[in-house]
Amino acid sequence: MPHRVAPSSRGRRRNSGRLDILVNNAGTNIRKQPQDYTLEEWNTIIATNLTSAFVCSQAAYAEMLKAGGGKIINIGSMMSIFGASFTTPYAASKGGVVQMTRALATAWAKDNIQVNAVLPGWIDTDLTRKGRAEVEGLHERVLACTPAGRWGTPEDHAGIAVFLASAASDFVTGTAIPVCGGFSVQG
């Protein structure tokens with residue numbers, strides 16, 4: 001494919017100076033009830049989770065266009081499709097990531113740039129550990145609604161990320177793929 005890095009004569013990859021893959025993985029949250037957010041908190045979450053992904057994607061476009069194509073992988077959230085009383089700006093920003101993914105995918109497919117989103121479920125991270133400490137009963141509710149019966153790990157996303165970054169996904173664009181242990185089925 002035109003956007004792959006060719007191996008050198010010694011079998012190692014050389015730095016071609018190209019941008020082939022962009023992963024937009026910014027995320028922050030402040031857990032409060034909707035009426036308690038300040039405009040500054042709202043703007044911080046939207047800027048971190050959504051605006052930064054747009055700015056990086058826009059910057060990557062020119063480089064990927066020169067290279068003949070590329071892959072953009074946006075990290076959304078299950079909160080893109082579910083709501084919770086304590087995640088209003090987070091859910092709005094990650095829902096925006098899914099819609100932005102679809103819009104960029106339709107705009108840039110003709111340029112051989114695939115844009116997709118991964119929607120992590122309840123993954124054991126610093127952010128969700130803080131959430132478990134702040135939201136009473138969250139741990140138990142997640143386990144009860146997740147058919148896999150556990151919280152996910154960051155490593156659970158490796159396979160989907162490799163697929164979306166590889167030539168195997170060259171005809172996949174505009175998707176939002178849950179990686180959630182079945183939570184999205186039962187939510």
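All values below were derived from every heavy atom in this structure, side-chain atoms included, with hydrogens, water molecules and symmetry-related copies excluded.
With contacts defined as side-chain heavy-atom distances shorter than 4.5 Å, the pair Leu22/Cys56 qualifies. Side-chain contact check for Asp170 versus Gln114: some heavy-atom pair is nearer than 4.5 Å. Counting heavy atoms from C-beta on, the side chains of Gln99 and Leu50 never come closer than 4.5 Å.
Residues Thr88 and Pro34 share a closest heavy-atom pair of OG1-CG, 3.3 Å. Taking all atoms of both residues into account, the shortest heavy-atom contact from Met78 to Ser184 is CE-CB, 3.0 Å. Across all non-hydrogen atoms, the minimal contact from Leu143 to Gly149 is CD2-O, 3.7 Å. Among all heavy-atom pairs drawn from Ala105 and Val115, the shortest one is CB-O, 3.7 Å. Residue Asn24 comes nearest to Ser57 through the heavy atom pair ND2-OG, 3.1 Å, listed as atom of the first residue, atom of the second, then distance. Met100 approaches Asn74 most closely through the heavy-atom pair CE-ND2, 4.0 Å.
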Please report, to 0.1 Å, the donor-acceptor pairs under 3.5 Å made by any side chain of residues 90-98, with sequence neighbours excluded.
residue, atom, partner, partner atom, Å
Ser93, OG, Asn49, ND2, 3.0
Ser93, OG, Pro89, O, 3.2
Ser93, OG, Tyr90, O, 2.8
Lys94, NZ, Ala26, O, 3.0
Lys94, NZ, Ile75, O, 3.0

Which pairs of donor and acceptor atoms, one on a side chain in residues 151-164, lie under 3.5 Å apart (sequence neighbours left out)?
residue, atom, partner, partner atom, Å
Trp151, NE1, His139, ND1, 2.9
Thr153, OG1, Glu155, N, 3.4
Thr153, OG1, Glu155, OE1, 3.2
Thr153, OG1, Asp156, N, 3.4
Thr153, OG1, Asp156, OD2, 3.3
Asp156, OD1, Arg150, NH2, 3.3
Asp156, OD2, Arg150, NH1, 3.0
Asp156, OD2, Arg150, NH2, 3.3
Asp156, OD2, Thr153, N, 2.7

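Not counting sequence neighbours, Lys130 has no partner by the side chain to side chain donor-acceptor pair (under 3.5 Å) test. Take Thr38 and apply the side-chain contact (heavy atoms from CB on, under 4.5 Å) test, not counting sequence neighbours, and it matches Glu40, Glu41. Thr173 meets the side chain to side chain donor-acceptor pair (under 3.5 Å) test with no other residue; sequence neighbours excluded.
Thr48 places no side-chain N or O within donor-acceptor distance of the main-chain N or O of Ile45, the cut-off being under 3.5 Å. In this structure, Thr128 contributes its side chain and Gly131 its backbone to no donor-acceptor pair below 3.5 Å. Between the Arg141 side chain and the Glu136 main chain, a donor and an acceptor come within less than 3.5 Å of each other.
Note that CZ of Arg31 and OG of Ser85 are 11.5 Å apart. Values are rounded to the nearest 0.5 Å. Phe82 CZ to Cys145 SG: the interatomic distance, rounded to the nearest 0.5 Å, is 9.0 Å.
At a cut-off of 3.5 Å, with distance as the only test, no side-chain donor of Thr87 or Asn29 sits close to an acceptor on the other residue.
Applying the ring-ring contact (aromatic ring centres under 6.0 Å, His included) test to pairs two or more places apart or on separate chains, those with a residue in residues 36-63 are Tyr61-Trp108.
Placement of Phe86 and Ile123 in two distinct hydrophobic clusters is found when ILVMFWY residues are connected by side-chain heavy-atom separations under 4.5 Å, directly or transitively. Follow the hydrophobic side-chain contacts under 4.5 Å out from Ile21 and you reach Ile177 in the same cluster.
For the pair Asp20 and Lys71, the salt-bridge criterion is not met [side-chain N within less than 4.0 Å of a carboxylate O].
The environment of CD in Glu140 is crowded: more than 12 heavy-atom neighbours from other residues, nucleotides or ligands sit within 6.0 Å.
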